[in-house]
Amino acid sequence: MIADRAPYASVPENSRGRRLREPPPRGRSEYQRDRDRIIHSTAFRRLEYKTQVFVNHEGDLFRTRLTHSLEVAQIGRSVARHLRLDEDLTEAITLAHDLGHTPFGHTGQDALNACMKPYGGFEHNLQSLRVVDVLEQRYGAFDGLNLTFETREGILKHCSLKNARTLGDVGERFIRRQRPGLEAQIANLADEIAYNNHDVDDGLRSGLLQMEQLSTVGIFRRHMRAALREFPKIEGRRLVHETVRRMIDTLITDLVRQSAATIREYAPASVNDVRQSPPMIRFSERIRREQTELKQFLHTNLYRHYRVSRMSSKARRIVTELFQAFLAEPGLLPPEFQERARSDTPRAIADYIAGMTDRYAIVEHRRLFAIDIS
Ligand code: MG
């Protein structure tokens, strides 16, 4: 494996290191240690009860952030392996990429960001970094998970320039307009492949989307026809699955092929060259256009479906009302967050809310607002 690694791959032995120096791991690489720490974290387990699009308890069959993260990791590893990059680093980044997500998916994040506007805002990528740098409390020697620079820089996918200036090493690339390593670039697009496809699948499963509607979308139609050519009699869930698995295969194959071509074109000799070059992990132009069409379809027909909007509206109210209640009376916070709140009350409230699962947020809201007479 190591002999086979491409010259532009990240190499665990050459890592820029951890914030706090630790003895090198035995029997596993630095990036494998990162991945293991992420899997054992509390925030990782909570992903099971956080929403992707559907509220967690709507049905047992839908994706949660945990299954989403596992799908992203699987896709990311395949691509990394084909391009002879460090699979373990890609896996660590993909498994951690959503750790900072609020309950209720993007609605929760937008609501919390609106509440935090006067206090520095809330960005979920930054929060994922905060989880692994500060919020996890498991080790005697340090707060957070003390991950390597490369995993941390991959987790911080986007970041405002204002925040980048406060982040030290991982903020530098936003200021210098550089790229992260290819393993991080893969994590980004593996995320996109996973959610576009599982949202199609969950959308159909929930009945919010119909096959006829999806047949108007180029990439779906093309792969559905291919599935029917091979299995003319299949229908229902089986047809959906045969279509979606073909789409995922096409996307991964295209991503590997196009990225390999781009890498050949820029011919980076090292990770350092990768950082100075334009993004090299890319889809071909045709697939990029098809992905955009699919995304637009999902926006109009799934994410803005009235039943999803009703859930989002409730979620927005829950997050906003929780925030306001805690801000008015920080004494309502659990003791560990009260302690944090002494230095920065709004940030402590955001940390508390962001860490909640969907169900916990609903229950906490009820605890604070419902007056039960029984
Ligand atoms: Mg994601």
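One-based numbering, in listed order, for ligands and for the atoms of each.
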* To do: Would you please test D34 and T148 for side-chain hydrogen bond (donor to acceptor under 3.5 Å, both in side chains) and show each step?
  => CA-CA 7 Å; D34 281 359; T148 62; 2.6 Å; yes
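- Of the options V79, L83, I281, a side-chain contact (heavy atoms from CB on, under 4.5 Å) to L182 is made by I281 and by none of the others.
- A cation-pi arrangement is not found for R317 relative to F369, the charged atom failing to lie both closer than 6.0 Å to the ring centre and inside a 45° cone about the ring normal.
- At distances below 3.5 Å, at least one donor-acceptor pair connects side-chain atoms of D86 with backbone N or O atoms of L89.
- The ring pair (Phe, Tyr, Trp, His ring centres under 6.0 Å) with H97 is formed by just one residue from the set H158, H124, H68; it is H68.
- For the Mg ion (ligand 1), the count of nearby protein N, O or S atoms, meaning those under 2.8 Å away, is 4.
- P25 pairs by the side-chain contact (heavy atoms from CB on, under 4.5 Å) definition with R28, E30, R33, not counting sequence neighbours.
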